[in-house]
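Here's the structure, in structure tokens; my notes come after.
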Amino acid sequence: MAERITPRTLKGFRDYPPEVMIPRERLIDTARRVYRSYGFSPIDTPALEYLEILAGKGSEETDKQLYKFQDHGGRWVGLRFDLTVPLARFAAQHINELGVPLKRYHVATVWRGENTQRGRYREFMQCDFDTIGTRSVAADIETALVIHDLLQAIHIGPFTIHLNNRMVLNGLLEKLGLAGQSVPVLRALDKLAKIGPQQVAEEMVAQAGMTAQQAADVLKLAAISGSNQDVLRSLESLVAGNALGSEGVARLADLLGGVRAAGVAEERIKLDVSIARGLDYYTGTVFETTLDALPGIGSVCSGGRYDNLAELYTSQQLPGIGASLGLDRLLAAMEELQLIEKVSTAAPVLIAYFDESRLHDYLRLATAIRAAGIGVELFPDAKKLGQQLKYADRRGFRIALIAGGDEFAAGTCQVKNLAAGTQQNVPLDEGAGSLIAAIQEMLTG
RNA sequence: GUGGCUGUAGCUCAAUUGGUUAGAGUACCAGAUUGUGGAUCUGGGUGUUGCCGGUUCAAGUCCGGUCAGCCACCCCA
């Protein structure tokens, strides 16, 4: 016997069986539909890019996580680790043909060679949407609305979109004479919920070179709470006299007003000065979205505004705003909330292969039902009916069609509702119209 | 990248602490009136105890390595 190769997957890489893939695709479809409804258009870019494009950001961490190698022509190449860098390159290369604003969405796989943990894999999918080429707060509002509609569309229950604006913090830092220290400050601030104000203050003193008083002043910002209007008022007085900070507060007010005008319920939106997002390229509005039922899993949709997306690749100024749906997290949440039905068939109807001499009749039936836009599977073997029904049940089919000699003689077909256990005899008329109507009624009812 | 925990059937777990042929539930397959599933009954073990090596008369059990998973740190563009 030949030596066998052990079937296995790489660390951090996953197989997706049907019952995982079906809800996954459904979620992605919903995201695409919502993105499109706002005029975002799909793009795609190569998985593999010149290493210099990907490594352009130059941070050590990036470099460590990047999958890189020499291709057959000796070129140094790497797998994309997010969709933002490819977008920047794409925009720099094509913006003159496409014009602004450029509204695109991109659903694609990315790779990071980082250490794995629950929910952190080396290959995963991102679902980004961005608006490039405008500073208008209208784009910020629209981004919030897309997040809102998306979460609404997946029926996952109440959620909260947390809003902040980097300009507020940067304005405050300017006022305190700490301009330029926003990166270490944000990094420390981001840990607030985890390690508490005391340790955050210590880290700020140690990492950002702040005095204890300055750290306390910054933490004062993070401690602001109350209704959105209360927060706005507190922020106004905190950054009073600083142009940047005041603009940030004004933009938050505009964003809030716009979202409200578009009909979003008040409780869906929360000004939250404590959210920072770890990413240091955000310069204005930042978003995080949590599920009220599962705050512990963190943000399921995050993003923000950046000043200059493509500065590494072009002299053209390309401001933008966008966000990314946390697909894996969202699916984990749906699983935990038991919103995912265990289904491993993509078609709702199974035709039992009952009578071997009737194969052509079954095929004609299937064709007619498919033509009506309904997915049908014909069981491939003329096994015992009980087994076929068991198969239908296990896979999660909704309806089984049963037709044998008796039915064909009477010119009918049995339509069986598998969940309810009920069934009815439907005449097989020309074009199977009655049958299709019965199926449709059963599927919607 | 650092440190810790774990790895037995598809899944959840057992195996008297090193003792001889690795078990149970569930799932799966076949059958129980060759036309009706989710129930019941019968039969079937489907496993290189993750992998490689070491210690020992004897290893699922102890040791080392490796691979994988989980947790914390780091980081998360």
Side-chain angles (χ1 to χ4, degrees), chain A residues 1 3-15 17 19 53-66 80-89 110 112-122 124 126 128 130 183 186-187 190-191 194-195 203 276-283 286 288 298-299 302-304 306 309-312 322 324 326 328-329 342 350 352-356 358 379 381-409 413-425:
Chain A
M1 184 180 315
E3 190 152 324
R4 289 270 151 67
I5 298 159
T6 310
R8 54 191 185 141
T9 46
L10 280 167
K11 180 186 175 73
F13 289 71
R14 295 167 287 172
D15 283 329
E19 63 177 50
I53 300 283
L54 299 175
K57 288 231 157 187
S59 95
E60 259 177 66
E61 272 313 314
T62 302
D63 216 49
K64 257 193 270 176
Q65 297 190 358
L66 204 54
R80 63 177 171 220
F81 52 85
D82 72 0
L83 300 179
T84 305
V85 167
L87 172 62
R89 196 223 81 223
V110 302
R112 295 182 190 180
E114 63 181 334
N115 220 343
T116 58
Q117 230 164 95
R118 180 200 289 282
R120 288 178 73 168
Y121 306 98
R122 290 183 170 175
F124 55 98
Q126 292 197 328
D128 287 18
D130 289 81
V183 172
L186 284 171
R187 198 161 285 163
D190 207 30
K191 296 178 188 165
K194 217 180 209 175
I195 63 178
E203 185 169 331
R277 299 256 66 227
L279 332 176
D280 51 17
Y281 65 76
Y282 288 134
T283 52
V286 286
E288 285 194 1
S299 176
S302 319
Y306 37 87
L309 174 75
E311 61 188 337
L312 284 170
S324 184
D328 286 305
R329 263 188 198 183
K342 277 261 159 93
L350 179 80
Y353 190 1
F354 190 75
D355 182 342
E356 242 163 331
R358 294 290 188 166
F379 197 82
D381 298 294
K383 279 202 194 176
K384 291 174 62 173
L385 187 56
Q387 286 177 30
Q388 298 192 42
L389 288 171
K390 195 168 176 177
Y391 169 86
D393 183 48
R394 294 266 155 85
R395 296 291 167 105
F397 282 91
R398 308 266 309 276
I399 291 171
L401 299 184
I402 301 163
D406 300 350
E407 284 80 8
F408 282 117
C413 176
Q414 283 188 46
V415 182
K416 188 176 178 80
N417 182 331
L418 286 159
T422 58
Q423 60 190 51
Q424 50 181 290
N425 264 296

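Throughout, protein chains are lettered first and strands after them, A, B, ... in sequence-line order, and every chain is numbered starting at 1.
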Under-3.5 Å donor-acceptor pair between A:Arg120 side chain and B:C75 base: yes
In whole angstrom, what separates A:Tyr391's OH from B:C29's C1'? 16 Å
Rounding to an integer number of Å, can you tell me how far A:Lys390 NZ sits from B:U40 P? 10 Å
Using atom C1' of each nucleotide, how far apart are B:G3 and B:U8 to the nearest Å? 27 Å
Testing B:C29, B:U36, B:C75 for proximity to the side chain of A:Gln65, the answer is B:C75
Between B:A27 and B:G38 - P atom distance, rounded Å: 11 Å
Would you please confirm or rule out a distance under 4.0 Å between OP1 or OP2 of B:C75 and any side-chain N or O of A:Lys64? no
Assign A:Gly12 to base, sugar-phosphate, or nothing according to its heavy-atom contacts below 4.0 angstrom with the strands shown. sugar-phosphate
Return the value, rounded to whole Å, for the distance between atom CG of A:Asn425 and atom C1' of B:G35. 12 Å
Do A:Asn115 and A:Lys11 come within less than 4.5 Å of each other through their side chains, counting heavy atoms only? yes
Protein-nucleotide distance (A:Arg14, atom CZ; B:G69, atom P), rounded to Å: 11 Å
Under the ring pair (Phe, Tyr, Trp, His ring centres under 6.0 Å) rule, collect the residues that match up with A:Tyr121, sequence neighbours excluded. none
Between B:A32, B:G38, B:G35, which one does the side chain of A:Asp393 approach most closely? B:G38
Is the distance from OP1 or OP2 of B:U36 to the nearest side-chain N or O of A:Gln387 less than 4.0 Å? no
Taking B:C70, B:A27, B:G35 as options, the one with an atom nearest any side-chain atom of A:Thr116 is B:C70
Expected output check: what is the dot-bracket annotation of RNA chain B, where ( ) and [ ] are pairs inside the strand (brackets for crossing ones), | is paired with another strand, and pairs are Watson-Crick or G-U under 3.5 Å? (((((((..((((.....[...)))).(((((.......))))).....(((((..]....))))))))))))....
Between B:C76 atom P and A:Arg112 atom CZ, what is the distance in whole Å? 10 Å
A:Asp355 CG - B:U34 P separation (whole Å): 17 Å
Given the P atoms of B:G60 and B:G54, what is the spacing between them in whole Å? 15 Å
Does A:Arg394 place a side-chain N or O at less than 4.0 Å from the phosphate oxygens OP1/OP2 of B:G37? no
Is a donor-acceptor contact shorter than 3.5 angstrom present between the side chain of A:Lys416 and the base of B:U36? yes
A:Asp15 atom CG: more than 12 heavy-atom contacts under 6.0 Å: no
Given the structure, check if the side chain of A:Gln388 and the base of B:G35 hold any donor-acceptor pair shorter than 3.5 Å. no
Report the residues that fulfil ring pair (Phe, Tyr, Trp, His ring centres under 6.0 Å) with A:Phe124, sequence neighbours left out, ordered by chain and then residue number. none
